[in-house]
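To start, the structure under review is shown below, and the notes come after it.
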Amino acid sequence: MRSSNKLKVSLAATAVASLIAVTGCAANQPAGSAGGGTDKLEITSWWTSGSEADALNVLIDGVKKSSSGLSVDNAAVSGGGGANARQALAARLQAGSPPDSWQLHPAGQLKSYVDGGQVADLTDLWTQNNWAAQMPKDVAEAQQVGGKYYTVPIGVHRGNVLWTNPAVLSKANVTIDSATGVDGLIGSLKQVQAADVTPVCLGDKDIFASAELLESIIMSRTGADNWKKLFTGGYSFDSPEVKQALEDYKTILSLSNKDHSAITWDEAAKKMANGSCAVNLMGDWAYGELLNAGKKPGTDFSWVTFPGKEDVFDYVGDGFSIPAKNIPHADAANAWLKTLMDPKIQTEFAAKKGSIPALTTADISKLSPYQQEAAKSFAKASVVSSLAHAQASTAEFAQTYADAVSTLNGSGNVSAFVASMTQAQKTQLK
Ligand code: GAL
């Protein structure tokens, strides 16, 4: 599935068609009815890289332990950031043949599923289990739309982390200091270039990777408050800070590996750790992936928060919902959601994934120093939501952003980017 985007899409469509054929009986149930069986469970996600698959297996093993005899169909669709998986899911929802549960981001992306009447209201489950009291208020709120809960959170990722190769930086005699902001970062990257090493590893075969790089630069230039106002009104993509960020982005792109659109996020992270370049911007699922690849934190790779004028935590939440209609195995889906909200499972999952648990009742004392640091930062930094991951806004607005980033990568045309985003602010964020 890695040779071209078109191929990926057509394979995903074939996979969907065969999945529909396999689970076709589900579509025969009347709308709103719930199958009662606990023997089977089908879940979809985009967790297919080494660390993602291992972390997902923690959840699958957990639900199997809680429901003896359960067989779980892991229908993950490859493609980092999930664009392919969501496309496949949309086709199944349209066909009335949903899986029992699917991965999604809270807030904006969740709202799009709620507006479409596609996800079940889980408020009773939340109340019975008193889940809201076991997590930070911000996390609980992100799982709600209009005061009702529609999803459960499995973990909290940070999107704006700059992963670094200590040996490459020291050979070039360069240090990277978050406090020096984007100007300082660009200066350091140019020094790396002068030492004849590619400064930046980027893998944006799936466009979310460059969308995430650009958003890290934008939030560094605007600060957290103005970043939030981009989605609520009162701040424009036409501002001097955003335009500066776009110019910075073009500079950083020019300092990246030329084959960036041909490689995936995990390949780029590993290239950095193998010494092909000095830095890689990626969410902290890269931490899980580098551990999974046998790399040693602090030796093979290190990290700083993406340089900016304040400590911003770009929150990327992962969770699962269940369908509002035509759920094939309601009891098994219920057991799945409860497994996800088991503090022990959240800790075990985080250890493989690089995230921190959503539940504050989960023990993080044995998680890595990086994760301890991320947990502290999540509690005290300015927390904002990711646009690249459709959390800061609806899925529609995030898609406009992803498309505008793709166009910008090809054309370098900042004015066209600003024009399409300001237009979308007017028409899509009402
Ligand atoms: C994000 C997701 C992460 C990670 C990443 C790369 O959307 O939140 O858990 O999987 O995509 O695939």
Side-chain angles (χ1 to χ4, degrees), residues 1-2 5 8 12 43-59 74 76-89 102-110 112-113 139 142-143 151-161 163 202-213 215-216 263-270 280-293 313-321 340 346 349-358 371 374 378 383-393 395 398-399 401-402 405:
M1 287 218 186
R2 299 215 153 158
N5 280 340
K8 235 186 277 173
I43 45 166
T44 64
S45 74
W46 52 92
W47 285 338
T48 58
S49 77
S51 60
E52 291 174 332
D54 276 6
L56 178 58
N57 277 332
V58 168
L59 308 181
N74 172 3
V77 176
S78 74
N84 300 336
R86 286 188 296 274
Q87 193 175 12
L89 173 67
W102 65 84
Q103 180 197 353
L104 75 169
H105 295 299
Q109 192 174 88
L110 173 65
S112 297
Y113 288 116
V139 176
Q143 320 304 316
T151 185
V152 301
I154 179 65
V156 170
H157 274 299
R158 182 176 204 163
N160 56 334
V161 187
W163 305 97
L202 173 64
D204 63 355
K205 184 170 180 179
D206 297 297
I207 197 65
F208 88 92
S210 43
E212 200 177 291
L213 171 61
E215 84 177 8
S216 299
I263 68 171
T264 56
W265 68 269
D266 45 318
E267 288 167 340
K270 282 177 257 192
N280 168 240
L281 176 284
M282 189 40 61
D284 53 15
W285 43 92
Y287 185 86
E289 194 63 20
L290 291 173
L291 283 195
N292 187 273
F313 188 110
D314 185 16
Y315 169 25
V316 182
D318 284 319
F320 283 83
S321 291
L340 300 177
Q346 290 219 348
F349 172 85
K352 306 233 179 262
K353 192 69 173 62
S355 50
I356 52 173
Q371 286 160 303
F378 189 57
V383 177
V384 301
S385 289
S386 168
L387 172 60
H389 297 274
Q391 199 166 313
S393 75
Q399 188 58 50
Y401 173 66
V405 173

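Owing to the predicted nature of the structure, the values given are computational and were not obtained by experimental measurement. Note that ligands are numbered from 1 as they come in the structure, with each ligand's atoms numbered from 1 the same way.
Within the 4.5 Å cutoff, the side chain of S49 has heavy atoms near those of the W265 side chain. Contact of the P106 side chain with the Y315 side chain is registered, since non-hydrogen atoms from C-beta on lie closer than 4.5 Å.
Closest protein heavy atom to atom 11 (O) of ligand 1: W46 NE1, 3.2 Å. Of all protein heavy atoms, the one lying nearest to atom 3 (C) of ligand 1 is K353 NZ, 3.5 Å. Residue, atom and distance of the protein heavy atom nearest to atom 2 (C) of ligand 1 are D318 OD1, 3.4 Å. The nearest heavy-atom contact from the protein to atom 4 (C) of ligand 1 is E52 OE2, 3.3 Å.
Distances between N or O atoms of W47 and those of ligand 1 include at least one value under 3.5 Å. When only interatomic distances are considered, the shortest N/O to N/O separation between G81 and ligand 1 falls below 3.5 Å. Between W285 and ligand 1, no pair of N/O atoms sits closer than 3.5 Å.
Legend: residues meeting salt bridge (charged side-chain N to carboxylate O under 4.0 Å, His left out) with E212, ordered by chain and number and at least two apart, are absent.
Q346 contributes a side-chain N or O that, together with a main-chain N or O of A358, makes up a donor-acceptor pair within less than 3.5 Å. In this structure, the side chain of Q371 engages the main chain of S355 through a donor-acceptor pair within 3.5 Å.
When all heavy atoms of N160 and S216 are compared, the pair lying nearest together is CB-OG, 3.6 Å.
Heavy-atom contacts of W265 reach the following atoms of ligand 1: 6 (C), 12 (O) (cutoff under 4.0 Å). Remark: ligand 1 atoms within the under-4.0 Å shell around heavy atoms of G80 are 12 (O). When each atom of ligand 1 is checked for a heavy atom of V316 under 4.0 Å away, the hits are 8 (O). For ligand 1, the atoms closer than 4.0 angstrom to any heavy atom of H389 are 1 (C), 7 (O).
A distance below 6.0 Å separates the ring centres of W46 and H105.
The aromatic rings of W163 and Y287 sit tilted relative to each other, their planes meeting at an angle between 30° and 60°.
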